[in-house]
Amino acid sequence: MRSLKSLLLEQYEKHRSIFNAILNDALIEGLIDFNPFARVPTPVLVEKYNEDDDLDEEDKNVNPFSLGEIKNILLKTDGYKRNFFAIMAFSGLRPGELVALKWSDIDWESETFKVVRTRMRGEFGPPKTRSSKRVVEMMPNVKEYFLEQYELTGGNIFDMVFLSSFHKPFYSHCTIAKQFKDLLDEGDKRYLYQLRHTFASLMISNGEEITWVSQMMGHKSADITLRVYAKAYKVLKDKTLRKKRASFLDNWHKSGTVNNPMYDKPHEIGVQR
């Protein structure tokens, strides 16, 4: 449960940010000579780093897309939007984290990138929790989308991976969320954040290690990942979908027990030999 102090600080920052943006635009237009909100300090929301609060409100409503649905969505769009949606769906980033990503965060040689910030209401801030600050593996298909995006924004003065149509950093991910919603079929109530859920559900249901998925998602522990995506994990109860595990025990079992005629089976309890 969030404290009253945390809620008040969040509201304070929300209104400070809005007025600061309005007056900053007025300053640029020459309507005023000075932005008084430039001197209003940004609150330090220490409680944002509460490690016990590792879940988003959106985690209560997991309704992911299938691979087929993702393919159809990507076919309906192009440019930065296609790259944004694909990277989210195949890396598990939060939309605010992806909007805040910089080219300098990407290590092309190791094929990883760092998540160290988020962006809301025109300002950068820390990720949601300490565990949200992480290094994410760049899978081959994700790397291809990053390379396509580099053709669009590589080398820009802001160092941002994604830029708005005004060639500036996005104010937030709201515009992209609206563009995503427009791609869905009528009546489909899912939204942009479900792409993050899609990544986790696809990985878990196809047998990827929970600990790896948890690390990619920026969860504090695998327990949290399982709690949110338990339905996806249950798919593994179908033995035809499971990865073959502990294969090193196969030969040991055959040579030392059932199929070994020299194996000295234990006698029945209470029977003298």
Side-chain angles (χ1 to χ4, degrees), residues 56 58-59 62-108 110-119 127 132 134-156 158-165 167 169-170 172-185 188-206 208 212-218 225 229 232:
D56 296 308
E58 291 88 346
D59 289 330
V62 177
N63 190 8
F65 297 91
S66 67
L67 271 177
E69 289 174 320
I70 292 296
K71 181 179 180 180
N72 288 335
I73 289 170
L74 298 181
L75 287 173
K76 291 180 181 179
T77 189
D78 56 12
Y80 80 85
K81 290 179 287 186
R82 181 172 180 266
N83 298 331
F84 192 98
F85 302 149
I87 292 171
M88 257 198 81
F90 298 117
S91 65
L93 266 66
R94 297 179 176 91
E97 294 171 342
L98 189 49
V99 163
L101 197 67
K102 297 186 177 183
W103 287 117
S104 54
D105 297 325
I106 297 177
D107 187 333
W108 297 103
S110 68
E111 298 186 341
T112 60
F113 57 92
K114 297 179 294 184
V115 176
V116 295
R117 71 188 74 79
T118 189
R119 187 166 176 82
S132 296
R134 62 199 186 277
V135 175
V136 178
E137 292 182 29
M138 186 163 39
M139 293 187 292
N141 63 334
V142 173
K143 184 176 182 179
E144 288 185 18
Y145 288 112
F146 270 124
L147 289 172
E148 289 183 17
Q149 184 61 26
Y150 192 82
E151 295 295 319
L152 301 176
T153 62
N156 69 81
F158 302 102
D159 191 35
M160 302 302 299
V161 174
F162 290 95
L163 293 174
S164 71
S165 56
H167 306 289
F170 279 95
S172 69
H173 65 268
C174 294
T175 298
I176 300 177
K178 172 64 167 60
Q179 293 168 336
F180 178 77
K181 188 66 178 175
D182 291 340
L183 296 174
L184 302 183
D185 295 335
D188 192 335
K189 298 186 180 301
R190 289 175 290 184
Y191 42 88
L192 182 64
Y193 200 95
Q194 294 296 344
L195 292 179
R196 173 171 161 86
H197 292 321
T198 297
F199 167 79
S201 298
L202 284 175
M203 295 301 119
I204 295 173
S205 63
N206 283 282
E208 295 297 339
W212 176 80
V213 176
S214 181
Q215 182 179 355
M216 292 281 283
M217 297 286 286
T225 310
Y229 302 102

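Numbers for residues simply follow the sequence, beginning at 1.
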Self-check item: Gap between atom CZ of R94 and atom OG1 of T118 - 0.5 Å precision
Solution: 8.0 Å

Quiz item: Counting distance only, does the side-chain N/O of S205 pair as donor-acceptor with the main-chain N or O of L202 below 3.5 Å?
Solution: yes

Quiz item: Is the side chain of N156 donor-acceptor paired with the backbone N or O of M160 at a distance under 3.5 Å, no angle test?
Solution: yes

Self-check item: Exam field: side chain E111 to backbone K143, donor-acceptor pair closer than 3.5 Å
Solution: no

Self-check item: Side-chain heavy-atom pair L195, I70 within 4.5 angstrom cut-off
Solution: yes

Practice problem: Could you point out which residue of D107, D105, V136, I106 forms a side-chain contact (heavy atoms from CB on, under 4.5 Å) with T112? | Solution: D107

Exercise. Specify the closest pair of heavy atoms between F113 and S91, including all atoms of both residues, with the distance to one decimal.
Key: CZ-CB, 4.2 Å

Quiz item: For the side chain of R134 and the backbone of S132, is there at least one donor-acceptor N/O pair under 3.5 Å apart?
Solution: yes

Quiz item: Between H167 and F158, which heavy-atom pair has the shortest distance, and what is it?
Solution: O-CE1, 3.3 Å

Quiz item: Once you round to the nearest 0.5 Å, how far does OG of S66 lie from NZ of K71?
Solution: 11.5 Å

Quiz item: Atom CD1 in I204, atom CH2 in W212: separation rounded to 0.5 Å?
Solution: 10.0 Å

Quiz item: Could you walk me through whether L98 and I176 pass the side chain to side chain contact (heavy atoms under 4.5 Å, CB included) check?
Solution: CA-CA 11 Å; L98 189 49; I176 300 177; over 6 Å; no

Quiz prompt | Pairwise distance NE2(H173) to CE(M88) - rounded to 0.5 angstrom | solution = 8.0 Å

Quiz prompt | Side-chain heavy atoms of D188 within contact of F65, under 4.5 Å | solution = yes

Quiz item: Checking R190 side chain against P64 main chain: does a donor-acceptor pair fall under 3.5 Å?
Solution: yes

Quiz prompt | Candidate pair H197 and Y229, rule ring pair (Phe, Tyr, Trp, His ring centres under 6.0 Å), full reasoning | solution = CA-CA 8 Å; H197 292 321; Y229 302 102; 5.6 Å; yes

Quiz item: What do you reckon, is OH of Y150 surrounded by more than 12 foreign heavy atoms closer than 6.0 Å?
Solution: no

Quiz item: Less than 6.0 Å separating the ring centroids of F85 and F180?
Solution: yes

Quiz item: Centroid-to-centroid, F90 to Y145, below 6.0 Å?
Solution: no

Quiz item: What closest approach, in Å, do Q149 and N83 show between heavy atoms, and which atom pair accounts for it?
Solution: OE1-ND2, 3.0 Å

Practice problem: For R196 and L93, work out which heavy atoms get closest and say how close. | Solution: CB-O, 3.8 Å

Quiz item: Donor-acceptor pair, K76 side chain versus R82 backbone, under 3.5 Å?
Solution: no

Exercise. Taking the six-membered ring for Trp and the full ring for Phe, Tyr or His, determine whether the centres of F170 and F84 are under 6.0 Å apart.
Key: no

Quiz item: Could you give the distance from CG (L147) to CG (L152), rounded to the nearest 0.5 Å?
Solution: 11.5 Å

Quiz prompt | Full working for side chain to side chain contact (heavy atoms under 4.5 Å, CB included) between F162 and L101 | solution = CA-CA 8 Å; F162 290 95; L101 197 67; 5.8 Å; no

Quiz item: Do T153 side-chain atoms and V161 backbone N/O form a donor-acceptor pair below 3.5 Å?
Solution: yes

Quiz item: Are there more than 12 heavy atoms of other residues, nucleotides or ligands under 6.0 Å from atom CD of Q215?
Solution: no

Quiz item: Is R119 reaching over with its side chain to a backbone N or O of S172, donor-acceptor style, under 3.5 angstrom?
Solution: no

Quiz item: Which heavy atom of M203 sits nearest a heavy atom of V213, and at what distance?
Solution: CB-CG2, 3.7 Å

Exercise. For T175 and S164, run side chain to side chain contact (heavy atoms under 4.5 Å, CB included): C-alpha distance rounded to whole Å, both residues' side-chain angles, the deciding distance at 0.1 Å, then the answer.
Key: CA-CA 9 Å; T175 298; S164 71; over 6 Å; no

Self-check item: From NZ (K81) to CD1 (I73), nearest 0.5 Å
Solution: 13.0 Å

Quiz item: Quick check: does any side chain N or O of R117 sit under 3.5 Å from a backbone N or O of A100, one acting as donor and the other as acceptor?
Solution: yes

Quiz item: What are the two closest heavy atoms between P95 and L192, and how far apart are they?
Solution: CB-CD2, 3.7 Å

